[in-house]
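These notes are about the structure you will find just below.
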Amino acid sequence: MDNNNNNKIRAIITGASGMIGEGVVQNAIESDEVEKILIVGRRESGFKNEKVKEILHNDFLDLTNIQNEFIGYNSVYFCAGVSSVGLNRETYEKLTVDMPMEMLRKFEIVNNIKSKDDNDCTFIYITSALTNSNSWLMWSQVKAKAENQIIASNFNKTFAFRPAWIQPDIPHLKNAYKTYKYISWMYPIGRSISQNGFVTLRELSRAMINASTNGYKSNIIHGSDMVKLSQIK
C-alpha cells in the first residue's frame, strides 16, 4: 500500500463512546491534517460530520464482515478498552489483545500490507502508564503483550500511548468521566510536578495526529512525549 500521493490522514477510530475516543474523534474532525474518519463501534457515537462515517459492529473479535470498509485508510487509533475488574486473564486478554490484533490483521489484509517497508500506515494503541510485562499486575502484563504484538506488526509506524491522568479539556464531551468534575482541581498541581503523568485530552489527541504525520523516535509514548508531539506545527 502506498500513501505517498496523499499525506492527509484517513483514520479508523474505535472507542468513540468513551472519553478518550470521543476526544480523539472531535480533534480529528477539527484537524486540517485529517481527511476522513471511520468510527467503528458497538453503539452510535452521535458524531455527525462530513468527514465521518460510522459502522456499528458487535463482535470486535471477528471483523470479517466489515473488513473491506478499511480499504484506503492509513491510520488506526484504537481507543477502545475495558477494565480488568471482575475479569479473569483469558477473558481480559481476548478483549485487550485479540480485539486490536483482529483489526490490525484485517487492515493489513485488505490494504495488502506485507512488511513495514511497503506502507506508510500508523497503528496507535491506548494502554496505560503502568503497563509492564514484568509487572505483578495481570492487566499490566496483558497490555504489554498487546503493545509488543502491535509494535512487531507490519505497520510502518506503531505506537503504544501510555497516559496516566488525562484532563478532559475538549468542550462539550458527553463521555467525560464523572469523577473529573470533583477532582479536576488536582490537575494543575499534578502537572506542575510531573508532565509525564499529567496530560490533557487535547494534547493526547494532537499527539496521535502528529505521530501519524511525522513519526516519533520511540514506539512507547509517555505523557511527556505526548506533550512534545502535540506541539509540533
Under 3.5 Å, is there a donor-acceptor pair between the side chain of [X] and the main chain of [Y]?
X: Thr131; Y: Thr127; result: no
X: Asn119; Y: Asn154; result: yes
X: Asn27; Y: Gly23; result: no
X: Asn156; Y: Lys116; result: yes
X: His57; Y: Asn65; result: no
X: Glu203; Y: Thr200; result: yes
X: Ser230; Y: Val227; result: yes

In sequence, state the C-alpha distance, the side-chain angles, and the governing distance for His222 and Met226, and then conclude on side chain to side chain contact (heavy atoms under 4.5 Å, CB included).
CA-CA 6 Å; His222 299 285; Met226 294 175 213; 6.0 Å; no
Under a 4.5 Å cut-off applied to non-hydrogen side-chain atoms, are [X] and [Y] in contact?
X: Leu63; Y: Glu102; answer: yes
X: Leu201; Y: Gln26; answer: no
X: Arg206; Y: Leu229; answer: no
X: Thr158; Y: Thr122; answer: no
X: Val76; Y: Leu104; answer: no
X: Ile166; Y: Leu204; answer: yes
X: Asn111; Y: Cys121; answer: no
X: Ile221; Y: Tyr216; answer: yes

To the closest 0.5 Å, what do you measure between [atom1] ([X]) and [atom2] ([Y])?
X: Ser17; Y: Arg42; atom1: OG; atom2: CZ; result: 8.5 Å
X: Ile151; Y: Lys157; atom1: CD1; atom2: NZ; result: 15.0 Å
X: Asp120; Y: Thr213; atom1: CG; atom2: OG1; result: 9.0 Å
X: Ser153; Y: Ile113; atom1: OG; atom2: CD1; result: 8.0 Å
X: Leu95; Y: Leu61; atom1: CG; atom2: CG; result: 6.5 Å
X: Leu38; Y: Phe70; atom1: CG; atom2: CZ; result: 6.5 Å

Looking only at heavy atoms, what is the nearest atom pair of [X] and [Y], with distance?
X: Gly223; Y: Val199; result: O-CG1, 3.4 Å
X: Thr96; Y: Val82; result: OG1-CG2, 4.4 Å
X: Gly197; Y: Ala164; result: O-CB, 3.2 Å

Quick check: is [Y] connected to [X] through a chain of hydrophobic side chains (ILVMFWY, heavy atoms under 4.5 Å apart)?
X: Leu137; Y: Leu87; value: yes
X: Ile29; Y: Met208; value: yes
X: Phe107; Y: Ile55; value: yes
X: Ile37; Y: Phe47; value: yes
X: Ile13; Y: Leu56; value: no

Does Tyr73 have Lys36 sitting over its ring (NZ/CZ under 6.0 Å from centre, angle to axis within 45°)?
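Judged by the rule (NZ or CZ under 6.0 Å from the ring centre, within 45° of its axis), Lys36 counts as positioned above Tyr73.
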Pair [X] + [Y]: basic N to acidic O under 4.0 Å:
X: Asp225; Y: Arg162; result: no
X: Lys51; Y: Glu35; result: no
X: Glu30; Y: Arg202; result: yes
X: Lys143; Y: Glu147; result: no
X: Glu108; Y: Lys114; result: no

What pairs of residues pass the side chain to side chain donor-acceptor pair (under 3.5 Å) test when at least one of them lies in residues 132-141, not counting sequence neighbours?
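The answer is Arg89-Gln141.
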Under 6.0 Å between ring centres, would you say that holds for Phe159 and Phe123?
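No; Phe123 has its ring centre 6.0 Å or more from that of Phe159.
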Among Lys106, Lys53, Arg10, salt bridge (charged side-chain N to carboxylate O under 4.0 Å, His left out) partner for Glu69:
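Answer to the salt bridge (charged side-chain N to carboxylate O under 4.0 Å, His left out) test with Glu69 among Lys106, Lys53, Arg10: Lys53.
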Does a side chain donor of either [X] or [Y] reach within less than 3.5 Å of an acceptor in the other side chain?
X: Ser205; Y: Tyr77; value: no
X: Asp117; Y: Ser115; value: no
X: Asn88; Y: Thr91; value: yes
X: Glu22; Y: Ser45; value: no

Check against side chain to side chain contact (heavy atoms under 4.5 Å, CB included), Ile12 and Val40:
CA-CA 7 Å; Ile12 299 171; Val40 181; 3.9 Å; yes
With a 6.0 Å cut-off (strictly less than), is the heavy-atom count around CG of Asn214, excluding the residue itself, greater than 12?
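Buried by this count: over 12 neighbours within 6.0 Å.
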What pairs with Phe161 under ring pair (Phe, Tyr, Trp, His ring centres under 6.0 Å), at least two apart in sequence or on another chain?
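By the ring pair (Phe, Tyr, Trp, His ring centres under 6.0 Å) rule, Phe161 matches no residue at all.
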Apply side chain to side chain contact (heavy atoms under 4.5 Å, CB included) to Ile150 and Met101, showing your working.
CA-CA 7 Å; Ile150 290 165; Met101 289 306 298; 3.9 Å; yes
Angle class for the Phe60/Phe78 ring planes (parallel below 30°, perpendicular above 60°, tilted otherwise)?
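If you compare the ring of Phe60 with that of Phe78, the planes turn out perpendicular.
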Taking it one step at a time, do Asp118 and Asn112 satisfy side chain to side chain contact (heavy atoms under 4.5 Å, CB included)?
CA-CA 9 Å; Asp118 68 9; Asn112 198 31; over 6 Å; no
